[in-house]
There are 2 protein chains.
Amino acid sequence: MANLNSSEDIDYGILDTLVGYKLRRAQVNIFNDFSEHCSRFGITPGLFGVLSIVERNPGLTQTAIANALGNDRSAMVSVVDRLESMNIVERKPSASDRRSHALFLTPHGEIFYKELVAEVLKHEASFTSLLNEGEKPLIIDMLDRIANHKPAKQ
Amino acid sequence: MANLNSSEDIDYGILDTLVGYKLRRAQVNIFNDFSEHCSRFGITPGLFGVLSIVERNPGLTQTAIANALGNDRSAMVSVVDRLESMNIVERKPSASDRRSHALFLTPHGEIFYKELVAEVLKHEASFTSLLNEGEKPLIIDMLDRIANHKPAKQ
DNA sequence: TATTGTTATACTCTATAACTATA
DNA sequence: TATAGTTATAGAGTATAACAATA
């Protein structure tokens, strides 16, 4: 009897030629591995993005960070709440604008982030090992092109 | 006064070197454009994936399709319900196993899918135009490697 | 015993709208 | 008038567990 559940004989048709579909499958797999690596830190890919921006750009506002990451500022609230509750990030009143909060890593956050980055780099190396000489800068360049492409509305 | 909301001067640090982060940004952008192109069809990237598998592999069970797409079979229920309510897909009783449903495109679904593919190919061409000679097969190959990589648990 | 479709459920992510305090 | 942070809310996507029918 034919095995209707085997995925070996599946014809993916056009999906095998679509960059978007392949991007999706790759992104899900690499994010799952990231999450496994960083679960002991309690850090998800989204939290890591915020931490990385704060670490390199201390004093930015929540809205600036949301814009940098392409997210809505409303989503920043619970993220920063979580990072503050973990004693990794702190909100400080902005000197120039009393509406906004300036974000900084705490002293513990600085140490935490360094250990976290070491784990992230292990994860990254595992995937980078799949790429041949010169392929990593090339795929990052291609992904930048795709990420920044804004087709004209029709 | 310094503009804390400009994303021009942001230092992305390690994020600029992480394939996972770049994949995420690229995938979000290309999925948004896909959704805009296909909104008049009422089709999301996820629905398109199911349709493409059904069209090329008529008679597969819901579980087989979920496995092919890397999703859980429980998520197939509402997806197939939606596609049936749109008269695009139909569940037929499996001849060999009365537990399972065999999925097929309806006659209208066949026409619908052809028109949909034409729109998807416009979307795809817009992004493929960003890639130079030989880069598309290369990025698809790299994305396949990343999608299929299963690091040993540590 | 195992699998299929299903249901109920829950969790994350994301986005929108509206409010307040400030600018 | 406009903006920052916040709150409430809602939708999509995804996953787990359990159940009835069937294998």
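Everything numeric in this text was worked out from a predicted model, so none of it was measured. Naming: A, B, ... by sequence-line order, numbering from 1 per chain.
Each of A:H101 and B:N71 was matched to the nucleotide of DNA chain D holding its nearest heavy atom; the match closer to the 5' end belongs to A:H101. DNA chain D is contacted by both A:D72 and A:V28; A:D72 maps to the nucleotide lying nearer its 5′ end (nearest heavy atom per residue).
The listed nucleotides are D:dA18, C:dT14, D:dG13; the one nearest the side chain of B:R73 is D:dA18. Distances from the side chain of A:R99 to the nucleotides D:dA4, D:dG13, C:dT4 place D:dA4 closest. Of all nucleotides listed (C:dA8, D:dG13, D:dG5), D:dG13 comes nearest to the side chain of B:T44. Of all nucleotides listed (C:dA15, D:dG13, D:dA18), C:dA15 comes nearest to the side chain of A:S74.
Salt bridge annotation for B:K22-B:D16: present, with a cationic side-chain nitrogen under 4.0 angstrom from a carboxylate oxygen. Taking 4.0 Å as the cut-off between side-chain N and carboxylate O, B:E135 and A:R145 count as a salt-bridged pair.
The two residues B:S85 and B:R82 make their nearest non-hydrogen contact at OG-O, 2.7 Å.
Spacing between atom CG of A:D81 and atom C1' of D:dT6 amounts to 9 Å, rounded to whole angstrom units. One atom, CG of B:L47, and another, P of D:dA12, lie 10 Å apart when rounded to the nearest Å. The distance between atom CG of B:N32 and atom P of D:dA12, rounded to the nearest whole Å, is 15 Å. The distance between atom CD of B:Q27 and atom P of C:dC13, rounded to the nearest whole Å, is 14 Å. Note: CD (A:Q62) to C1' (D:dT7) measures 13 Å, nearest angstrom. Atoms CG (B:N67) and C1' (D:dT14) sit 15 Å apart, rounded to a whole Å. A:M76 has its CE atom 13 Å from the P atom of D:dA4, to the nearest Å. Between A:E84 atom CD and D:dT6 atom C1' the separation is 14 Å, expressed in whole Å.
Using a 3.5 Å distance cut-off with no hydrogens or angles, the side chains of B:S126 and A:H149 do pair a donor with an acceptor.
For the OP1/OP2 pair of D:dA21 and a distance below 4.0 Å, the side-chain nitrogens and oxygens of B:R98 include no atom meeting the criterion. Of the side-chain N and O atoms in A:R91, none sit less than 4.0 angstrom from OP1 or OP2 of D:dA4.
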Would you check, one step at a time, whether the test ring-ring contact (aromatic ring centres under 6.0 Å, His included) holds for B:F34 with B:F48? CA-CA 10 Å; B:F34 182 103; B:F48 183 74; 5.6 Å; yes
